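Only one structure is covered here, and it is reproduced in the block below.
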Amino acid sequence: MPVRLGFLRLQDVSVRNKRVLVRVDFNVPLHDGVITDDTRVRAHLPVIHELVKAGAAVMLMSHLGRPKEGAFDVKHSLKPVAEHLGRLLNCTIALQRDWLGGVAVKAGDVVLLENVRFEPGEEANDDELARRMARLCDVFVNDAFATAHRAQASTHGVAKYAPVACAGPLLVAEVEALTRAIKDPARPMLAVVGGSKVSTKLTILEQLLEKVDALIVGGGIANTFLAAAGFEIGKSLQEPDLVPAAQRLLAQAERRGHPVPLPVDVVCGREFSAGATATLKQVADVDSGDLIMDVGPETARRYAAAVAGAATVIWNGPLGVFEWEQFSQGTRVLADAIAASKAFSLAGGGDTLSAIAHYNISDRISYISTGGGAFLEFLEGRSLPAIAILEESARAVAASEREY
Ligand code: 3PG
Ligand code: MG
């Protein structure tokens, strides 16, 4: 059954010889200037091919990381992405540094605009900045599902002022797949949420707890939860300010009859480094000099059993510092359990995509989203601002058509 969407799609719009501004999400993981996972670049190839084939002049706009606004900063330049995209498309992709004043691009050509977060007002969704972006184009296409939870000038404001605003194929595919997945999920439904910070995922965790039958937390989030449960966690990555919030979440889970399981054993190092020696400890034996960097084998076994018993699994975030072999076992066991399970599995988020690539299990996950925060907020049932504005502009178009 097709999902009904309330916005215009690219195929509803004529783009021949038009100037088309496309918001993509090229926010890829970089290590020493090298892209370590190009899923997000490849995910936008269909929109680029479609526009080039249709004879549009294509301007690609993206953020990368979280640079300080107002200045160019080579660490956050999209140059590696321009080069990589050129290799994928077998052509040279020009990267335009100053673009707000105008972009020279011919029909059938593709230009990448430098990191939109260098522009003052982007994150605040500044109206004047959004208008200047909109002036660059005849048609605005938002294909950046992964940034759809941000109301910023390039995701939200620009759609208000562009002559036409529509959704690209990746955004449509993500919305359709995730809508189907959450409409009537097979139960029990398990969510695994890892990553470094409780603060960025607090409301997501609250909302997910109301929807799922089990929640497993990993990474820095799990450390804060361990602290909330009264355990010594030494020098582990954590957020002391969020301990009361974590206590509330633990209590909320108890009330719903689905307590959050906490690690019983952990793998610790004495310093945060690739060469750190790994020591397995019972969670009660962690001391003030330890950093927890992975779950231990008994915890991993319990989490894998929870995955095996689930009918729907949502996965966002690794359990430990899986980039370092000695702290990677927990995430590996989890990834293998998800791959082996017959559950409908949904995964999303930058680190999660890297883990999936690392363990080579992408064809054993039912659906992989390019979104991290956007993926979780969508599954929570929240309206994403960049999608809401496309719906608003479609309603405005329909209303003006009725008037004539
Ligand atoms: C993401 O990586 O989730 C998106 O690209 C959004 O990035 P942000 O969290 O820096 O807004
Ligand atoms: Mg599977």
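Computed from a prediction, not measured in an experiment: that's the story for all the values here. Indexing begins at 1, ligand by ligand and atom by atom, following the structure's order.
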N/O separation below 3.5 Å, Gln152 to ligand 1: no
Close-contact set for ligand 1 against Arg150 heavy atoms, below 4.0 Å: 8 (P), 9 (O), 11 (O)
Heavy-atom gap Gly350 to ligand 1 smaller than 4.0 Å: no
For Ala245, all residues meeting side-chain contact (heavy atoms from CB on, under 4.5 Å), sequence neighbours excluded: Leu202, Leu242, Arg248
Per-residue contact class, Glu123 against ligand 1 - non-hydrogen pairs under 4.0 Å: neither
Closest candidate by heavy atom, reference atom 1 (C) of ligand 1, pool His63, Arg40, Arg117: Arg40
Note: Arg9-Glu176 ion pair, threshold 4.0 Å (strictly below): yes
Ligand-side contact atoms (ligand 1) for residue partner Arg66, heavy atom cut-off under 4.0 Å: 8 (P), 9 (O), 10 (O)
Euclidean distance, Leu291 CG relative to Phe272 CZ, rounded to 0.5 Å: 8.0 Å
Salt-bridge criterion met for Asp265 and Lys281 (N-O under 4.0 Å): no
Enumerated ligand 1 atoms positioned under 4.0 Å from heavy atoms of Asn27: 1 (C), 2 (O), 4 (C), 5 (O), 7 (O)
Distance-only N or O hit between ligand 1 and His149, under 3.5 Å: no
Ring center gap for His44 and Phe26 short of 6.0 angstrom: yes
Below 3.5 Å, can you tabulate the donor-acceptor pairs from side chains in residues 97-112 to any protein atom, sequence neighbours excluded?
residue, atom, partner, partner atom, Å
Trp99, NE1, Glu114, O, 3.1
Lys106, NZ, Asp109, OD2, 3.4

Which of the ligand 1 atoms, numbered from 1, are nearer than 4.0 Å to a heavy atom of Asp25: 4 (C), 5 (O)
